[in-house]
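Input: a single structure, listed below in structure tokens.
Chain letters run A, B, ... following the sequence lines, proteins first and then strands; every chain starts at 1.
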Amino acid sequence: FRYTRNLVDKGNGKFNLMILCWGEGHGSSIHDHTDSHCFMKILQGNLKETLFEWPEKKGNGEMTKKSERVLRENQCAYINDSIGLHRVENISHTEPAVSLHLYSPPFDTCNTFDQRTGHKHKVTMTFYSQFGERTVC
Amino acid sequence: LPAGLSQWFPALEVLDVSGTGLAEMGTELLSLPCLHTLLAKNNRLGGPGSLPKGLGQAPLARSLRVLNLSGNRFAEVPPALLQLRGLRSLSLGGNRLHGIPPDIQELQSLEFLYLGGNFITAIPPELAKLPSLRYLVLCDNKIQSIPPQLAQLHSLRSLSLHNNLLTYLPREILNLVHLEELSLRGNPLVVRFVRDLTYNPPSLQELAGRTVKTRNIPYAPSDLPESLVRYLSLASNCPNPKCGGVYFDSCVRQIKFVDFCGKYRLPLMHYLCSPECSSPFSSASQSSTSQSESDSEDEASVAAHRMQKVLLG
């Protein structure tokens, strides 16, 4: 019971277009974007985006929050690794949220970061569904 | 609710009165025998008349499966609600609850319980008496501790505890066999949780079982009691490709920490094979994502090694 990533289009290998569905209270980890461009548009509900600075080389302290904002329906956001890292969350306890994401070039691994230490961990991202079909894992 | 509702729509199954400013729901509800889903979020419910009297005797008590009262003004869980014995899904997110009544255990059919975004400070052990509970959301509250009895929630798949005041988790939480998702960020957790994990030695039965399996000691069903034959058949291989070990203890399976991108799988089972067995997540990845509050350098270095195996995202 967490947010789902649903692939819509692979753009001939040039991009990944996907829809993320966030239940009440669902949030992502702090993550980077593997040198790709990332566009996000809110289709339904609201999502809070918290930007973080990249941790120092041997990160061993609380990560630095740069800014935070609540993105409303139809608003767009953009991020890439040179801008920083972010955490995206649906902070509503009453409304689900839906967002459209475009990643170019496509990537299926990224790093997640522990807010309290800055330590990173590489993870492989998976899809809940692809082109409308549930992905069996 | 409009008077006559049950006369006009006697077969009503789903009623959504969310966002209508409702301050109370009256006796009209009591005569809807087919109602299984009631959505009344974002209203002004919470006062004395919010739910009608006699709810426990109405057909609704047996027919209602889904109740969503999120975004209202409930300061306590209304006692009438606990009479809805057929309830499978209950949401009271975003209200003003300060606690959870022990009588929550009356809702024996409950599978989904959302209590995020309240002011809850403690969890009653009676919450663990819900045998079908699969999803429990307690995020964004003021919870300081988790009762160890929660480990009795055998059906629990997903537990959301982020943004609370937890400093420690009971080791019994590892007994939640089917737990697949756990969110813990935004809690002042200390090193102690990680330490307890590593000091959990395998039982003699486990050690004997491992020996039988790793040394290929032959046995036939006639040699052993049926229960031991079954036990030996449950051996799983250590996920470390360099290790030929097996483990049995089904206490610790794969727990995914939901705060990560997409789906991330961290098997805690490494602890059970052998302390020498190294994690596939080698130290090169610096995977420690501890919530450590360690002050001294000693604590940090002790924790760092173990924490690479535990993600408290």
Side-chain angles (χ1 to χ4, degrees), chain A residues 1-7 18 20 22-34 38 50 55 57-63 85-96 101 103 107-128 135 137, chain B residues 18-19 41-42 68-72 91-95 112 114-118 134-140 157-160 162-163 180-181 183 185-189 256-266 281 284-293 300 304 307-308 311-313:
Chain A
F1 184 57
R2 64 171 110 74
Y3 72 91
T4 61
R5 305 171 78 243
N6 304 278
L7 184 66
M18 64 190 76
L20 270 57
W22 312 75
E24 295 88 318
H26 288 170
S28 77
S29 63
I30 302 172
H31 56 274
D32 64 9
H33 298 87
T34 321
C38 299
T50 309
K57 259 299 187 213
K58 284 270 171 180
N60 227 329
E62 180 103 22
M63 284 175 70
L85 310 166
H86 71 179
R87 184 195 300 281
V88 181
E89 323 168 67
N90 177 13
I91 52 174
S92 172
H93 296 290
T94 58
E95 313 305 324
H101 296 246
Y103 300 111
F107 58 94
D108 56 10
T109 64
C110 70
N111 290 301
T112 62
F113 296 77
D114 175 3
Q115 186 168 349
R116 293 173 73 86
T117 61
H119 284 145
K120 67 179 182 190
H121 193 114
K122 185 172 172 184
V123 295
T124 305
M125 298 134 73
T126 60
F127 293 111
Y128 183 82
T135 307
C137 35
Chain B
S18 301
K41 55 183 192 176
N42 298 323
N68 191 331
L69 294 170
S70 60
N72 281 288
S91 176
L92 278 162
N95 276 281
F112 174 94
Y114 192 108
L115 295 171
N118 281 287
R134 291 162 66 101
Y135 308 107
L136 178 58
V137 181
L138 294 166
C139 62
D140 292 295
R157 290 251 188 298
S158 177
L159 178 57
S160 164
H162 59 271
N163 297 334
E180 294 169 4
E181 299 168 355
S183 70
R185 63 185 159 85
N187 278 289
L189 293 170
K256 295 165 206 146
F257 292 88
V258 299
D259 294 323
F260 301 120
C261 246
K263 184 172 104 166
Y264 180 70
R265 178 167 297 201
L266 169 71
F281 320 120
S285 72
Q286 298 211 352
S287 62
S288 160
T289 55
S290 73
Q291 297 271 349
S292 163
E293 285 202 290
M307 279 174 191
Q308 72 178 359
L311 294 177
L312 300 169

For residues A:E95 and B:N42, determine if any side-chain heavy atom of one lies less than 4.5 Å from a side-chain heavy atom of the other. yes

Report yes if some heavy atom in the side chain of B:R185 is under 4.5 Å from a heavy atom in the side chain of A:S29; otherwise report no. no

State whether the side chain of B:H162 and the backbone N or O of A:G25 hold a donor-acceptor pair below 3.5 Å, judged by distance alone. yes

Work out which heavy atom in A:T94 is nearest to a heavy atom in B:G93; give both atom names and the distance. CG2-O, 4.4 Å

Excluding sequence neighbours, so at least two apart, what forms side chain to side chain contact (heavy atoms under 4.5 Å, CB included) with A:N90? A:W22, A:L47, A:S92, A:A97

Rounded to the nearest 0.5 Å, how far does CG of B:L115 lie from NE2 of A:H93? 11.0 Å

Sorted by chain and residue number, the salt bridge (charged side-chain N to carboxylate O under 4.0 Å, His left out) partners of A:E24 (sequence neighbours excluded) come out as none

Within 6.0 angstrom of A:F127 CZ, more than 12 heavy atoms from elsewhere: yes

